[in-house]
Protein chains: 2
Amino acid sequence: MKKYLEILKKCALFQNIEEEKLLTMLTCLGAQVISFDKKYTILTEGKPARYIGIVLTGSVQIIQIDYFGNRSILGNVLPSEVFNEAFACAEVESVPVTVIANEPSEIMLIDSDHILHTCSNNCGFHQQLIFNLMKDLAQKTIQFHRRIEITSKRTTREKLMAYLLSEAKRHNSAYFDIPFDRQELADYLEVERSGLSAEIGKLQKEGVLESHRKHFKLLQS
Amino acid sequence: MKKYLEILKKCALFQNIEEEKLLTMLTCLGAQVISFDKKYTILTEGKPARYIGIVLTGSVQIIQIDYFGNRSILGNVLPSEVFNEAFACAEVESVPVTVIANEPSEIMLIDSDHILHTCSNNCGFHQQLIFNLMKDLAQKTIQFHRRIEITSKRTTREKLMAYLLSEAKRHNSAYFDIPFDRQELADYLEVERSGLSAEIGKLQKEGVLESHRKHFKLLQS
DNA sequence: AAAAGTATGTTGAAAATTCAACAAACGGAG
DNA sequence: CTCCGTTTGTTGAATTTTCAACATACTTTT
């Protein structure tokens with residue numbers, strides 16, 4: 001567990017918890033670490049939502065596949081970030097999403113029971129953990145608002161530009177890589193891949209941006 | 001305050017808090033009740049996110065208006081339900097949404113500072129309040145997932161049917177009222193009003209549903 | 001009860017997206 | 001380096017949405 005300490009210290013769930021206590025706490029919580037190969041499924045839609053996940057290395061993708069097989073990508077989770085916490089905390093019967101490893105990844109899983117129901121009065125850090133979980137969930141809600149701001153646009157071009165501008169702002173640079181290939185970006189923006197490619201082509205011709213695969217550069221005009 | 005007790009007991013924030021303590025607690029939290037006329041603005045986009053709101057009577061709508069003036073409706077909040085908790089808990093500089101009264105409404109506002117920073121160790125109910133807030137935020141995240149499941153559909157018809165089916169499921173009846181007029185439903189589903197009206201007309205002709213204004217009935221086929 | 005204002009339905013033309021199919025570019029394995 | 005599978009770009013036709021404009025239905029006000 002020790003080797004993940006640096007990552008875990010950055011995790012929103014463990015803010016304001018002393019480093020020495022962290023390892024004890026993880027044992028108390030029954031945290032386990034599992035490795036997944038690229039494209040392997042970490043959590044399957046329809047299964048009980050028992051575990052809170054933390055990405056230690058690699059990255060994972062949250063996807064939703066509807067009745068007709070259409071994929072929506074809800075997000076990308078990077079090291080030290082948390083996933084499935086909402087479903088685990090709400091104690092829903094089954095998760096409505098699938099989580100897959102984007103690349104070879106190490107994932108920490110914590111049984112939400114141990115956070116929500118056990119010894120919540122005994123251990124002082126449990127209170128801090130709950131507080132952190134609340135903060136994290138508030139942050140997640142805000143992320144969803146951002147995504148809705150993007151996907152509520154009506155045209156492919158507007159969605160793409162809203163996404164790229166928000167990424168540029170987030171990276172604090174007009175020059176950044178996105179975590180999606182074209183098909184994935186289309187499934188994130190809720191548009192057609194071919195139409196998306198065409199739109200990126202047009203914007204390049206118009207001198208609005210430069211792009212090569214996952215790399216983008218916004219040009220001021 | 002007493003006259004709102006029945007509503008407040010149903011509020012997710014106050015679960016597992018004894019009725020007698022609730023009134024004391026509200027005083028301690030500095031809760032205030034304000035009345036708003038129909039269409040009045042309760043919270044304005046861009047302002048600091050200081051207050052957590054609870055609808056006591058009436059109902060409010062959460063809306064987002066983009067640069068070009070396009071409105072998205074993010075949701076409808078009914079008595080005993082909470083709003084703005086995510087922005088208040090995340091302590092963002094400014095809220096990205098506007099909240100307006102749908103009808104004459106009484107709203108309880110609680111300064112989030114009093115929940116997040118004051119006396120969080122002294123008073124035992126504070127811990128319960130934080131726990132409830134966490135549960136509520138988890139629930140909110142799930143609500144967003146549902147909305148994305150609906151708006152990620154590509155055609156007006158699919159969005160409409162996904163919405164109506166989820167409403168029927170929620171009401172446990174094929175027979176229900178929606179909280180939106182046509183324009184509002186269009187802004188919730190992220191489609192054109194005229195196209196939405198046309199689609200509702202078609203579905204009626206096909207015998208899939210019956211509708212008059214806010215009333216809908218799904219017919220099995 | 002009439003008038004005024006708002007909401008809903010309807011239409012056709014313009015614009016945009018979707019779909020299917022293929023070619024070109026890329027990246028990894030051997 | 002070459003081969004092979006995958007990703008990306010491109011195209012044109014079919015479908016769907018958007019937009020503007022107007023008629024009708026419904027509500028509220030006077």
Side-chain angles (χ1 to χ4, degrees), chain A residues 37-39 61 66 68-73 100 102-104 150-164 177-206 208-217, chain B residues 37-39 61 66 68-73 100 102-104 150-164 177-206 208-217:
Chain A
D37 282 341
K38 186 171 176 168
K39 298 294 159 200
Q61 216 163 56
D66 77 6
F68 304 103
N70 303 308
R71 176 177 72 166
S72 288
I73 294 184
I100 58 170
N102 244 340
E103 49 193 304
I150 292 168
T151 57
S152 72
K153 299 275 182 293
R154 297 301 167 76
T155 65
T156 299
R157 166 179 288 235
E158 282 178 325
K159 288 182 188 186
L160 174 62
M161 285 309 294
Y163 172 71
L164 292 176
D177 286 352
I178 63 172
F180 303 125
D181 64 28
R182 288 289 179 273
Q183 183 63 62
E184 290 170 334
L185 181 56
D187 290 343
Y188 180 83
L189 298 178
E190 326 274 23
V191 299
E192 249 316 293
R193 180 196 62 79
S194 65
L196 175 63
S197 270
E199 209 60 62
I200 290 172
K202 271 194 215 165
L203 286 164
Q204 290 195 86
K205 277 200 193 94
E206 294 172 21
V208 179
L209 54 81
E210 285 171 14
S211 157
H212 181 68
R213 305 222 148 195
K214 296 187 172 187
H215 190 73
F216 282 82
K217 182 179 181 179
Chain B
D37 283 340
K38 185 170 178 168
K39 298 294 160 202
Q61 217 164 55
D66 77 6
F68 304 103
N70 303 308
R71 175 177 73 168
S72 288
I73 294 183
I100 57 171
N102 244 340
E103 51 193 303
I150 291 168
T151 56
S152 71
K153 298 276 182 291
R154 298 300 168 79
T155 63
T156 299
R157 167 178 287 234
E158 282 177 327
K159 288 182 187 185
L160 174 62
M161 285 309 294
Y163 172 71
L164 293 176
D177 286 352
I178 64 172
F180 301 126
D181 63 28
R182 289 289 179 272
Q183 183 63 63
E184 289 170 334
L185 181 56
D187 290 344
Y188 180 82
L189 299 178
E190 326 273 22
V191 299
E192 252 311 296
R193 181 196 61 77
S194 66
L196 174 63
S197 270
E199 210 59 63
I200 290 172
K202 271 194 216 163
L203 286 164
Q204 291 194 85
K205 278 202 192 91
E206 294 172 21
V208 178
L209 54 81
E210 287 171 13
S211 156
H212 181 68
R213 306 218 147 197
K214 296 187 171 187
H215 189 73
F216 282 82
K217 182 178 181 180

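For the numbers below, each heavy atom of this structure counts, side chains included, while hydrogens, waters and symmetry mates do not. Order of the sequence lines sets the chain letters (A, B, ...), proteins ahead of strands, with each chain counted from 1.
Between R157(A) and E206(A) there is a salt bridge, with a side-chain nitrogen of the basic residue lying less than 4.0 Å from a carboxylate oxygen of the acidic one.
Between atom CG of residue L164(B) and atom CD1 of residue I150(B) there is a gap of 9.0 Å, rounded to the nearest 0.5 Å. Summarising the geometry, atom CZ belonging to R182(A) is positioned 6.5 Å from atom CG belonging to L196(A); distances are rounded to the nearest 0.5 Å.
Rounded to an integer number of Å, the gap from NZ of K39(A) to P of dT6(D) is 12 Å. Rounding to whole angstrom units, CZ of residue R157(B) and P of dT18(D) are separated by 16 Å. Whole-Å rounding puts the D187(A) CG to dT7(D) P distance at 12 Å. Rounded to a whole Å, the CD atom of Q183(B) is 16 Å from the C1' atom of dG5(C). The distance from atom CG of L160(A) to atom C1' of dT17(C) is 15 Å, rounded to the nearest whole Å. A straight line from NZ of K153(B) to C1' of dT16(D) spans 17 Å, rounded to a whole angstrom. Rounded to a whole Å, the CG atom of L196(B) is 13 Å from the C1' atom of dA7(C). Between Q204(B) atom CD and dG9(C) atom C1' the separation is 11 Å, expressed in whole Å.
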Item to complete: List the protein contact pattern of nucleotides 19-30 of chain D with one symbol per nucleotide (5' to 3'): B for base contact, S for sugar-phosphate-only contact, - for none; contact means a heavy-atom distance under 4.0 Å.
Response: BBB----S----
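Closest approach to the V191(B) side chain among dT17(C), dT18(D), dT17(D) is made by dT18(D) (side chain taken as heavy atoms from C-beta onward). In the set dT17(C), dG9(D), dT17(D), the nucleotide with an atom closest to the side chain of R182(A) is dG9(D).
Nucleic acid contact class of T155(B) (heavy atoms, under 4.0 Å, all strands): sugar-phosphate only.
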Discussion item. Would T156(A) and K202(A) count as a side-chain contact (heavy atoms from CB on, under 4.5 Å) here? Give the steps.
Written reply: CA-CA 12 Å; T156(A) 299; K202(A) 271 194 215 165; over 6 Å; no
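Considering all non-hydrogen atoms of both residues, Q204(A) and S211(A) come closest at OE1-N, 3.1 Å.
Heavy atoms of other residues, nucleotides or ligands lying less than 6.0 angstrom from NZ of K39(A) number more than 12. Remark: K214(B) NZ is packed, more than 12 non-hydrogen atoms of other residues, nucleotides or ligands lying under 6.0 Å away.
Side-chain N/O atoms of S197(B) include none lying less than 4.0 angstrom from OP1 or OP2 on dT8(C).
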